[in-house]
Amino acid sequence: MRQIILDTETTGLRVDDGNRILEIAAVEMIDRRLSSPDRHFHCYINPGRDSEEGALNVHGLTTEFLSDKPKFAQIADEFLDFVAGAEVIIHNAPFDLAFLNMEMAKLGRGKFQDHVANVIDTLAMAKDQRPGKRNNLDALCDFFDIDRSNRTLHGALIDCELLSEVYLGLTRGQDSLMIDFDPYAGNDAALAFAKSNRKPLRVVSATAAELAEHEAYLAALDKSVKGECLWRQMGKSGL
């Protein structure tokens with residue numbers, strides 16, 4: 001299963017105000033494991049206009065820095081070839097899709113969605129799993145204990161790398177589907193890259209207070225059934 005984690009940076013928040021894309025990053029993931037760095041797409045783009053002050057404070061990409069970078073039209077074919085047929089994962093997908101589809105329309109290339117298998121919005125997933133909580137990328141990194149210390153400014157590439165870990169956290173139950181599958185067989189470079197990015201599993205043990213509360217709950221169950229509750233019986237049988 002080929003997936004692409006995608007992020008863009010833009011000159012401002014609204015397409016209708018004439019804002020444009022100025023950075024695109026796309027990180028390849030095969031069977032829930034990041035590919036080697038040479039399978040990532042990343043480029044800065046000359047948007048042909050200045051960034052709004054608020055956006056510039058977020059991404060820090062100045063007009064001067066972007067002045068010698070290619071236009072979107074110059075990178076469109078390479079970008080579309082890279083994402084073609086993949087499942088694309090975006091945080092707050094409607095925002096990025098609005099800009100991507102605007103750029104595509106200017107080139108007469110249809111919609112971005114026409115070139116990929118489908119699009120997953122991790123913000124919508126997070127809201128389903130964590131209703132009423134803050135679900136921006138920073139908050140989700142904190143929730144899943146993902147190191148974001150290198151993220152001083154928003155950047156499309158680093159945001160993709162963080163989002164890949166957030167996506168795995170949001171879909172962790174799917175890992176068991178791949179337990180007997182080794183996608184790196186015969187690919188030593190990809191395996192080395194994966195190992196270098198793999199963090200130790202976090203083990204969280206119950207506190208003494210939590211154990212005491214659990215025991216009190218079981219005792220209440222025992223009392224309600226006038227004997228030994230099913231939970232204790234299953235524990236004794238090893239189930």
Side-chain angles (χ1 to χ4, degrees), residues 1-17 19-34 40-42 52 54-55 57-59 83 85-104 111-178 197-199 201-204 206 210:
M1 179 174 60
R2 184 172 187 262
Q3 296 173 302
I4 299 294
I5 316 294
L6 187 144
D7 187 52
T8 66
E9 297 294 338
T10 63
T11 60
L13 294 178
R14 287 172 46 85
V15 172
D16 293 343
D17 293 338
N19 286 299
R20 306 288 297 271
I21 293 174
L22 50 73
E23 184 185 9
I24 296 179
V27 174
E28 183 183 71
M29 182 183 290
I30 302 291
D31 294 314
R32 298 175 60 78
R33 292 177 173 84
L34 289 181
H40 297 174
F41 177 92
H42 179 234
E52 296 175 354
N57 290 337
V58 169
H59 56 64
V83 301
E87 182 175 70
V88 178
I89 299 163
I90 307 174
H91 198 67
N92 192 14
F95 175 86
D96 297 82
L97 290 176
F99 280 91
L100 288 166
N101 287 334
M102 174 271 295
E103 299 287 2
M104 299 289 287
K111 291 186 175 182
F112 175 77
Q113 295 94 313
D114 298 334
H115 300 265
V116 301
N118 65 295
V119 176
I120 292 175
D121 183 1
T122 49
L123 178 57
M125 292 176 62
K127 286 181 176 179
D128 286 342
Q129 295 186 26
R130 292 161 37 86
K133 305 288 187 180
R134 291 177 64 247
N135 286 302
N136 60 31
L137 190 57
D138 284 344
L140 290 170
C141 285
D142 291 343
F143 177 73
F144 289 114
D145 197 24
I146 297 167
D147 181 11
R148 57 182 178 89
S149 58
N150 291 328
R151 191 187 190 231
T152 55
L153 289 172
H154 284 243
L157 186 58
I158 190 170
D159 283 2
C160 279
E161 293 168 348
L162 292 174
L163 182 57
S164 69
E165 297 190 60
V166 166
Y167 172 74
L168 292 176
L170 289 169
T171 59
R172 191 157 286 149
Q174 296 180 20
D175 289 341
S176 60
L177 300 176
M178 302 296 173
N197 284 268
R198 186 176 299 158
K199 295 182 178 179
L201 291 176
R202 184 186 181 199
V203 178
V204 180
E210 289 169 336

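Along the sequence shown, residues carry numbers from 1.
- Under the side chain to side chain donor-acceptor pair (under 3.5 Å) criterion, Gln129 pairs with no residue, sequence neighbours left out.
- For the side chain to side chain donor-acceptor pair (under 3.5 Å) test, no residue two or more places apart in sequence or in another chain qualifies with Thr10.
- The nearest pair of heavy atoms linking Arg2 to Glu28 is NE-OE2, 2.6 Å.
- By the side chain to side chain donor-acceptor pair (under 3.5 Å) test, Asp7 pairs with no residue at all, sequence neighbours left out.
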Begin with the C-alpha distance, continue with both residues' side-chain angles, and end with the deciding distance and a verdict on side chain to side chain contact (heavy atoms under 4.5 Å, CB included) for Ile4 and Val116. CA-CA 10 Å; Ile4 299 294; Val116 301; over 6 Å; no
Asn19/Leu13 under side chain to side chain contact (heavy atoms under 4.5 Å, CB included): CA gap, chis, key distance, verdict: CA-CA 7 Å; Asn19 286 299; Leu13 294 178; 5.9 Å; no
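- In this structure, OG1 on Thr171 lies 3.5 Å from CZ on Arg32, to the nearest 0.5 angstrom.
- Remark: Asp114 engages no residue in a side chain to side chain donor-acceptor pair (under 3.5 Å) (not counting sequence neighbours).
- Taken from OG1 in Thr8 to CG in Leu97, the straight-line distance is 9.0 Å, to the nearest 0.5 Å.
- With Asp142 as the partner, the salt bridge (Lys or Arg N to Asp or Glu O under 4.0 Å) test is satisfied by one option alone out of Arg148, Arg130, Lys133: Arg148.
- Legend: residues meeting side chain to side chain contact (heavy atoms under 4.5 Å, CB included) with Ser164, ordered by chain and number and at least two apart, are Ile5, Met29, Leu34.
- Arg14 pairs by the salt bridge (charged side-chain N to carboxylate O under 4.0 Å, His left out) definition with Asp16, Asp17, not counting sequence neighbours.
- By the side chain to side chain contact (heavy atoms under 4.5 Å, CB included) test, Ala126 is found to be paired with Asn135, Leu140, Leu170, residues two or more places apart in sequence or in another chain being considered.
- Remark: Ala139 pairs with Arg134, Asn136 by the side chain to side chain contact (heavy atoms under 4.5 Å, CB included) rule, at least two apart or across chains.
- The distance from the OH atom of Tyr167 to the CD1 atom of Ile90 is 13.0 Å, given to the nearest 0.5 Å.
- Contact of the Glu165 side chain with the Asp147 side chain is not registered, since no non-hydrogen atoms from C-beta on lie closer than 4.5 Å.
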Report the C-alpha distance between Phe95 and Leu123 in whole Å, list the side-chain angles of each, state the deciding distance to 0.1 Å, and finish with yes or no for side chain to side chain contact (heavy atoms under 4.5 Å, CB included). CA-CA 11 Å; Phe95 175 86; Leu123 178 57; over 6 Å; no
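- Of the residues Glu23, His91, Glu9, the one that meets the side-chain contact (heavy atoms from CB on, under 4.5 Å) test with Asp159 is Glu9.
- Counting all heavy atoms, side chain and backbone alike, Cys160 lies closest to Ala25 at SG-O, 3.4 Å.
- Taking CG of Leu137 as the start and CG of Leu162 as the end, the distance is 5.5 Å to the nearest 0.5 Å.
- The nearest pair of heavy atoms linking Ala93 to Val119 is CB-CG1, 4.0 Å.
- Scored by the side chain to side chain contact (heavy atoms under 4.5 Å, CB included) test, Asp128 finds no partners at all (sequence neighbours excluded).
- One distance of note links CD1 of Ile89 with CG of Leu6; it measures 10.0 Å at 0.5 Å rounding.
- With Asn118 contributing its side chain and Glu87 its backbone, the two residues share no donor-acceptor pair below 3.5 Å.
- For residues 91-103, the set of pairs meeting the salt bridge (Lys or Arg N to Asp or Glu O under 4.0 Å) definition, not counting sequence neighbours, comprises Arg20-Glu103.
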